[in-house]
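What follows is one structure encoded as structure tokens, with my remarks underneath.
Residue numbering restarts at 1 for every chain, and letters A, B, ... go by the order of the sequence lines.
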Number of protein chains: 2
Amino acid sequence: MDQTARILPPSPDIAARAHERLAGLATPPGALGRVGEIGAWIAAAQGEVPPRPLTDVRLVVLAGDHGVAAHGVSAYPPAITEAMVRTIVAGQAGVSALAREHGVTVTVLDVAVDADLSDLPAAVTGRKVRRGSGAIHLEDALTRAEAERSLALGAEVAGELVDDGAQLLMTGDLGIGNTTPAAALVAAVLGLPADEVTGRGTGIDDDGWARKRDVIAAALERVEGRTADPVEVLAALGSADLAATVGFLIEAATRGVPVVLDGLMSVACAVVAQALAPGAAAWWVAGHRSTEPAQTHALKSLGLEPLLDLGMRLGEGSGAVAALPVLRSGVAVLRDVALLSEIMPG
Amino acid sequence: MDQTARILPPSPDIAARAHERLAGLATPPGALGRVGEIGAWIAAAQGEVPPRPLTDVRLVVLAGDHGVAAHGVSAYPPAITEAMVRTIVAGQAGVSALAREHGVTVTVLDVAVDADLSDLPAAVTGRKVRRGSGAIHLEDALTRAEAERSLALGAEVAGELVDDGAQLLMTGDLGIGNTTPAAALVAAVLGLPADEVTGRGTGIDDDGWARKRDVIAAALERVEGRTADPVEVLAALGSADLAATVGFLIEAATRGVPVVLDGLMSVACAVVAQALAPGAAAWWVAGHRSTEPAQTHALKSLGLEPLLDLGMRLGEGSGAVAALPVLRSGVAVLRDVALLSEIMPG
């Protein structure tokens, strides 16, 4: 991961050619709306007009536990993280069903689950960074070395998928309590107060929300003066799974492979990744608007508008997978619609 | 078409069972948002939990010309209608590309194209009602008999598709100038002024918009006092293709087959269909929000919120096809996600 130079965007020349083709289709100018725009973006990312069909799409669900989960910030007990990792491995989670429907290959990576998953395949568990991450209102989530190791792990995973031919990548999150560090990351990087980033996660009540807000506020106060360096922010307020997600997003952009972002975790990590690797955001599209307020702030800072707004808040990469057909629609129109010049009468 | 009784909605019992299953999935309650809701709606429409996969989806593009097109309300000449019918038959239109991508069978029906299309297959042209429809600011679009014949034609086509095993239907529109009568229908049924329903269609400039608004205002004034009867409204302000669309929508609801509505034309016809056959709207879902203001008014009156909002204004049923993957996502989660009770630890 070279973080010294600004990451170059998808080719402006190819983007211009894609827009030229779009404008020449047998449709009124602009009539395809964002479907046409996203097709042109994919073309530019691939360096080819028309773009190739998106047949190789990979989602990695990065799983980890979070110390804050023991402090009343979630509607579910931490043991659910392990159960859900196993459910994804069994192909029976929400994202599994969506991924099968839309032709996405899902893998789950145990980055920091606080459980012994050693009976699962090594591809899932073999690169675990640690069990859980620190409760961020009381202590740093990670050491600096662990944060760096997590970043490198995410980059390594993305690089392997790119080497293996992935045309489009997605990240998903899994881990009870993870909306708390994710919201804290957004608040720290964008300079927002806890009130504005605290959401209801998997479904906490008003008391739970207030506890969560207090945890985020305490965490932000604890790290005051240490937020200029994004790696430091990840170590202090993030987690191993979130740091790995940041590394994944930067590597995808560096390698020139587009990413569909998912909900709060994915977009919070994108904000940190863009801070670490300016320009990377040009390689990402926002899949869906989650119900988490911090996601809206984070998307705005990245200049991204989600493709879908369906009230989803499942995590696991489900919103990215649900949005994939919009990207495929964009590719299809650029590939398969006649040019107006071919069909005009006279 | 029996228009005397209120159309019954999808089974409330099955809907309740579908929601019960949804609530029991290994996802936090409500976390699937509208994806879960739409899956439950499909289940209720099918009378089966979980719902069957949507493998047989049919779109009919109802084509016709409009007298108003000769009066400066469109950015394109009327001859484009014929060209686009041929482009759909050739499988090269915008909707053709989207339908291939998403597994939808498309047929185009020449209801009232003002051209000789007799070289095309009889399935396309064999049931033509007339060539074009009257310029609605000057004369009625159709005779009452033609309006009734068009309604019956649309119902017949929908009935044939249902008999043939279609699980989900869509209507698309094709015809230069058609946003003018569609907006007039919405204005007449909902009691709105021309200013509030006039949009830019395929892309007219400010002068064109003002002309279009004046045409709609003149049409509304011309038919004042005749808007209580929806069939009369279709004859006066609609067109043969729009009347056929109304018949199609009513028949689908009567036969208990769900429909994904498309843009302005589809939704304007839905408003008329709901007026003719109260209760029918329970069988429809809105595919996408078009950029036409009349569609927003019409959707609101039907109590429908679109699944997609991507700035599309192509017509042809393209927005309905683009939204289909959201319905398939809903079906997939209800079918394939584990129940929480199956995976809970302990």
> Looking at R335(B), E101(B), R100(B), which makes the most heavy-atom pairs under 4.5 Å with chain A?
Replying inline: E101(B)
> With a 4.5 angstrom heavy-atom cut-off, which part of I38(B) approaches chain A: side chain, backbone, both or neither?
Replying inline: neither
> Is the closest side-chain donor-acceptor distance between H66(B) and T180(B) under 3.5 Å?
Replying inline: no
>> Counting only non-hydrogen atoms closer than 4.5 Å, does T27(A) touch chain B with its backbone (N, CA, C, O), its side chain (CB onward), both, or neither?
In response: both
> What part of S96(B) is in contact with chain A, defined as an atom under 4.5 angstrom from a non-hydrogen atom: side chain, backbone, both or neither?
Replying inline: neither
> Considering only heavy atoms, which portion of V95(B) lies under 4.5 Å from any heavy atom of chain A: side chain, backbone, both, or neither?
Replying inline: neither
> Knowing that exactly one of D65(B), D173(B), T81(B) qualifies, which makes a side-chain hydrogen bond (donor to acceptor under 3.5 Å, both in side chains) with N178(B)?
Replying inline: D173(B)
> Are S74(A) and K212(A) close enough, and set up right, to give a side chain to side chain donor-acceptor pair (under 3.5 Å), and what steps lead you there?
Replying inline: CA-CA 8 Å; S74(A) 176; K212(A) 183 173 175 180; over 6 Å; no
>> Using a 4.5 angstrom heavy-atom cutoff, name the option from L310(A), D336(A), V333(A) with the most pairs to chain B.
In response: L310(A)
>> Using the side chain to side chain contact (heavy atoms under 4.5 Å, CB included) definition, which of the options V85(B), L120(B), T125(B) pairs with D110(B)?
In response: T125(B)
> Where on L32(B) is there a heavy atom nearer than 4.5 Å to chain A: the side chain, the backbone, both, or neither?
Replying inline: both
> Out of D309(A), L334(A), L98(A), which one racks up the most heavy-atom pairs below 4.5 Å with chain B?
Replying inline: L98(A)
> P29(B) versus chain A, heavy atoms under 4.5 Å apart: side chain, backbone, both or neither?
Replying inline: both
> For residues R313(B) and T202(B), is any side-chain donor paired with an opposing acceptor at under 3.5 Å?
Replying inline: no
>> Within the structure provided, determine whether L59(A) and T107(A) are in side-chain contact (heavy-atom separation under 4.5 Å).
In response: no
>> Among A323(B), G30(B), G33(B), A31(B), which residue has the highest count of heavy-atom pairs closer than 4.5 Å to chain A?
In response: A31(B)
>> At a 4.5 Å cut-off on heavy atoms, which part of R86(B) comes close to chain A: side chain, backbone, both, or neither?
In response: neither
>> With a 4.5 angstrom heavy-atom cut-off, is it the side chain or the backbone of T87(B) that approaches chain A, or both, or neither?
In response: side chain
> Is E292(A) salt-bridged to R200(A), cutoff N-O under 4.0 Å?
Replying inline: no
> Would you call E316(A) and V321(A) a side-chain contact if the rule is heavy atoms closer than 4.5 Å?
Replying inline: no
> Relative to chain B, which segment of L307(A) carries a heavy atom at a distance below 4.5 Å: side chain, backbone, both, or neither?
Replying inline: both
>> I'd like to know which of P28(B), A26(B), G311(B) tops the heavy-atom pair count under 4.5 Å against chain A.
In response: P28(B)
